[in-house]
Number of protein chains: 2
Amino acid sequence: MATIDDVAKAAGVSTSTVSYVLSGKRPISAPTRARVERAIDKLGYRPHAGARALASSRTNVIALMAPLRVGVSVPVIMQFVAGVVTRARDFDHDVLLLTQDDVSGLDRVTGGSMVDALVMMDIEADDPRVPLVAAAKQPTVLIGLPQDPEGLSCVDLDFEAAGRLAVRHLAGAGHTDVALIGSPPEVLQRHTSYAERLMRGLRSQAKLSGVTVEVEACDSSPSGAASAVDTLLATAPDTTGIIVHNEGALPHVLSRLAERGIVVGTDMSVVAVCPTDVALSQRIPMTSIDLPAEGIGKVAVDMVMARLEGEHPSETRLLAPVLTERASSVSGPSDPLD
Amino acid sequence: MATIDDVAKAAGVSTSTVSYVLSGKRPISAPTRARVERAIDKLGYRPHAGARALASSRTNVIALMAPLRVGVSVPVIMQFVAGVVTRARDFDHDVLLLTQDDVSGLDRVTGGSMVDALVMMDIEADDPRVPLVAAAKQPTVLIGLPQDPEGLSCVDLDFEAAGRLAVRHLAGAGHTDVALIGSPPEVLQRHTSYAERLMRGLRSQAKLSGVTVEVEACDSSPSGAASAVDTLLATAPDTTGIIVHNEGALPHVLSRLAERGIVVGTDMSVVAVCPTDVALSQRIPMTSIDLPAEGIGKVAVDMVMARLEGEHPSETRLLAPVLTERASSVSGPSDPLD
DNA sequence: GTGAAAGCGCTAACAA
DNA sequence: TTGTTAGCGCTTTCAC
């Protein structure tokens, strides 16, 4: 491998000039720049990442701590990941992938200066990783919202507002008995931030709108979804509006309703909280509140990069939910979206 | 951040002693080791990854080039990824995630010495990435099988044998007209290695077993699956055995068959090629040839690490397919698995 | 607009 | 069993 000195020699300039041509941190005359660039091409020179990191304290790598966990929808995770990786490249950064079960990895990558910044997904209310990264020297953005962010930046869909919006939509359509078919029990037991926030919004709006709301946890399997539906209709037989916040279970919930002869969009209004592509690939187009997973991933990178550059203070960004009506819900007289 | 010199000073030893305590590359007396370790703990010392990489030409990072592509099943990809990440940690390595659309990334990470080795997924017959990594100094393992591996190691399920096995199973059960519902058109157009190999095995065994085999590409959407089923039954109405090699489409294929009043396991035998958990989460337990995605990911890491350590020559490992009979296929008189 | 040179924090000869 | 020290390849002051 050619080194920067080889390039300097070949171009007849000093090492620092080559370095500055590469970084653009000081003006270089056109002819010099041309000679250096020619030499770089000719030698196929690539700066050594480790050397660069050592000298500059910058790695051009960000860590992404992503869950590979039971109960979360893998395709949705991947949308977040895709957003993060893509946007990171826009900032000339690569992505080091950490998995949830590897909490010691946080120490390793931060303490060892392997990365310039971190993005963490699947945040729990009382997440043990938060104090760890809060103490690190690298800026971190959480996708999700812990009880106490300890000064870290956060970004997520405003699930509380989404819960309210969903109930408002159903109540506006005349439903008085609504229900949530929510995350798997494991997710709830972990006090995963989004699940709890959605429920909070749901309940507060239900009170305001004067509707009842029944909550069912729901495994993502066909049988789990079936039994959630069955239990729900046994416990609260008057339910006419369902909010489904479980991408994996959604198709099975719809199947079970169909099996029971319940026509979605007529007998039962269903609102899904999920990425739009998921909402559209069901047996009938779903009224849904979009979970813009890829977009959130991108915003997370934007935020972390902003903190890396200037002295941006940390902030929390909750994206406003957008509900799109489709075939799965009936629009009532006083629908607030009209 | 404390440096190795700080530790040495605190422990009253030389830098190299600390280094050797860390690496274990030379014997250290118990008391010395204890003093060094105490100092490390007290100072919260973490070796600087960049400095280490510069001095040792080892990064303890491997690159994983994973597809985020249309037509491939995201959950299955993630199983590969999980296998790679998990096993990499066993070798004290982290994983840098590259996406397919980022071919220049190969140059960047290899030329810049950002990684010790690479694992590449979703290999096409004539994959442009292969010559690139073949020229790199880092060892690479391909998950999949290009036309010409150019000296690189490969690992995958033996899809050709899987094709043969599936046909043998169906022919043995007395079926004379079988069909493949395969990958999406995009995957075929890319000449993705696994799709082509499965078809090759299918066709050769069909000839041997004296059965006909119809092939349908199949989009993973509900409507794509429905039309694949419809087209198939229009073109080859005598079909009584179907092999499905498309995780995303599988549930929709089964739904369509059900809609048409065709009872899987009785009127129609269906063999799936997919991970076992996918086979088991269908409406009926599927006879399947397991795609051990996570296992393949692990083997890929084992292979790449072997090449990194000793002077292991490169090799190709094709894992023998295993067919497990479940409810979706009838077992015939001369079934070779009896 | 350009160059010289002092580190960045480690590893691994080489020496003792 | 331990210490000394020369780099690894870059960035960035300082000097011109």
Side-chain angles (χ1 to χ4, degrees), chain A residues 1-37 39-40 43-61 92 108-116 137 308, chain B residues 1-37 39-40 43-61 92 108-116 137 308:
Chain A
M1 268 298 70
T3 72
I4 198 172
D5 287 309
D6 297 333
V7 174
K9 215 151 289 171
V13 299
S14 73
T15 352
S16 57
T17 296
V18 177
S19 177
Y20 284 118
V21 165
L22 253 27
S23 71
K25 288 189 183 173
R26 83 180 181 191
I28 304 283
S29 72
T32 304
R33 150 165 292 118
R35 295 202 348 270
V36 169
E37 277 164 355
I40 288 176
L43 299 176
Y45 167 70
R46 293 266 166 198
H48 186 288
R52 195 168 245 191
L54 180 56
S56 67
S57 308
R58 281 286 229 133
T59 62
N60 278 36
V61 174
D92 194 31
R108 193 174 59 250
V109 302
T110 57
S113 301
M114 296 181 72
V115 301
D116 295 335
K137 60 177 180 298
L308 218 43
Chain B
M1 270 294 76
T3 73
I4 197 172
D5 287 309
D6 298 332
V7 174
K9 214 151 291 170
V13 300
S14 73
T15 353
S16 57
T17 297
V18 178
S19 177
Y20 285 118
V21 165
L22 253 26
S23 70
K25 288 190 183 174
R26 81 179 183 192
I28 303 284
S29 72
T32 305
R33 150 164 293 119
R35 292 198 356 265
V36 170
E37 277 165 354
I40 288 176
L43 299 176
Y45 167 70
R46 294 268 168 197
H48 186 287
R52 194 168 245 189
L54 181 56
S56 68
S57 309
R58 282 285 228 133
T59 61
N60 278 37
V61 174
D92 194 31
R108 191 176 60 250
V109 302
T110 57
S113 301
M114 296 182 73
V115 301
D116 296 336
K137 60 177 181 300
L308 218 45

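- B:R46 comes within 4.0 angstrom of the backbone, heavy atoms only, and of no base.
- In the model, B:S19 has no side-chain atom that pairs as donor or acceptor with a side-chain atom of B:S16 under 3.5 Å.
- In this structure, B:K9 places its NZ atom 19 Å from P of D:dT2, rounding to the nearest Å.
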### Working for side-chain contact (heavy atoms from CB on, under 4.5 Å), residues A:I40 and A:L22
CA-CA 10 Å; A:I40 288 176; A:L22 253 27; 3.5 Å; yes
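- Among the protein residues, B:S23 comes within range of no part of the nucleic acid, since none of its heavy atoms lies under 4.0 Å from any strand.
- Nearest-nucleotide assignment on DNA chain D puts the 5′-proximal partner with B:S56, out of A:T15 and B:S56.
- The base of D:dG3 sits with one of its N or O atoms less than 3.5 Å from a complementary donor or acceptor on the side chain of B:R26.
- Here A:T3 lies in heavy-atom contact (under 4.0 Å) with sugar-phosphate atoms only.
- Look at CE on B:M1: it is 16 Å from P on C:dC8, rounded to the nearest Å.
- Side-chain contact between B:D6 and B:Y45 is absent, with no heavy atoms from C-beta onward closer than 4.5 Å.
- Look at CZ on B:R58: it is 13 Å from C1' on C:dT11, rounded to the nearest Å.
- On a pure distance criterion of 3.5 Å, no polar donor-acceptor pair joins the side chain of A:R35 and the base of C:dG1.
- When rounded to the nearest whole Å, the span between CG of B:L54 and P of C:dG7 equals 17 Å.
- Computed from coordinates, the A:D6 CG to D:dC10 P distance equals 9 Å when rounded to whole Å.
- Separating the OH atom of B:Y20 from the P atom of C:dA16 is a distance of 16 Å, rounded to the nearest angstrom.
- At least one side-chain heavy atom of A:L308 sits under 4.5 Å from a side-chain heavy atom of A:R58.
- Residues B:N60 and A:R108 are not in side-chain contact: their nearest non-hydrogen atoms beyond the backbone lie 4.5 Å or more apart.
- Contact of A:S16 with C:dA4 (side chain to base): a donor-acceptor pair of N or O atoms is detected under 3.5 Å.
- Of the side-chain N and O atoms in B:Y45, one or more sit less than 4.0 angstrom from OP1 or OP2 of C:dC10.
- A:S57 has no side-chain polar atom (N or O) that falls below the 4.0 Å cut-off from OP1 or OP2 of D:dT11.
- The CD1-P distance, from B:I4 to D:dG7, rounds to 19 Å in whole Å.
- For C:dG3, the OP1/OP2 oxygens have a side-chain nitrogen or oxygen of A:T17 closer than 4.0 Å.
- Between B:M114 and A:A49, the shortest heavy-atom contact is CG-CB, 3.5 Å.
- When the side-chain nitrogen and oxygen atoms of A:S29 are compared with OP1 and OP2 of C:dG1, none of them lie within a distance under 4.0 Å.
- Considering only the side chain of B:A51, C:dC10 comes nearest among C:dC10, D:dC10, C:dT2.
- Distance CE (A:M114) to C1' (C:dG9): 15 Å, rounded to an integer number of Å.
- In this model, the phosphate group of D:dT11 is not approached by any side-chain N or O of A:K25 to a distance below 4.0 Å at OP1 or OP2.
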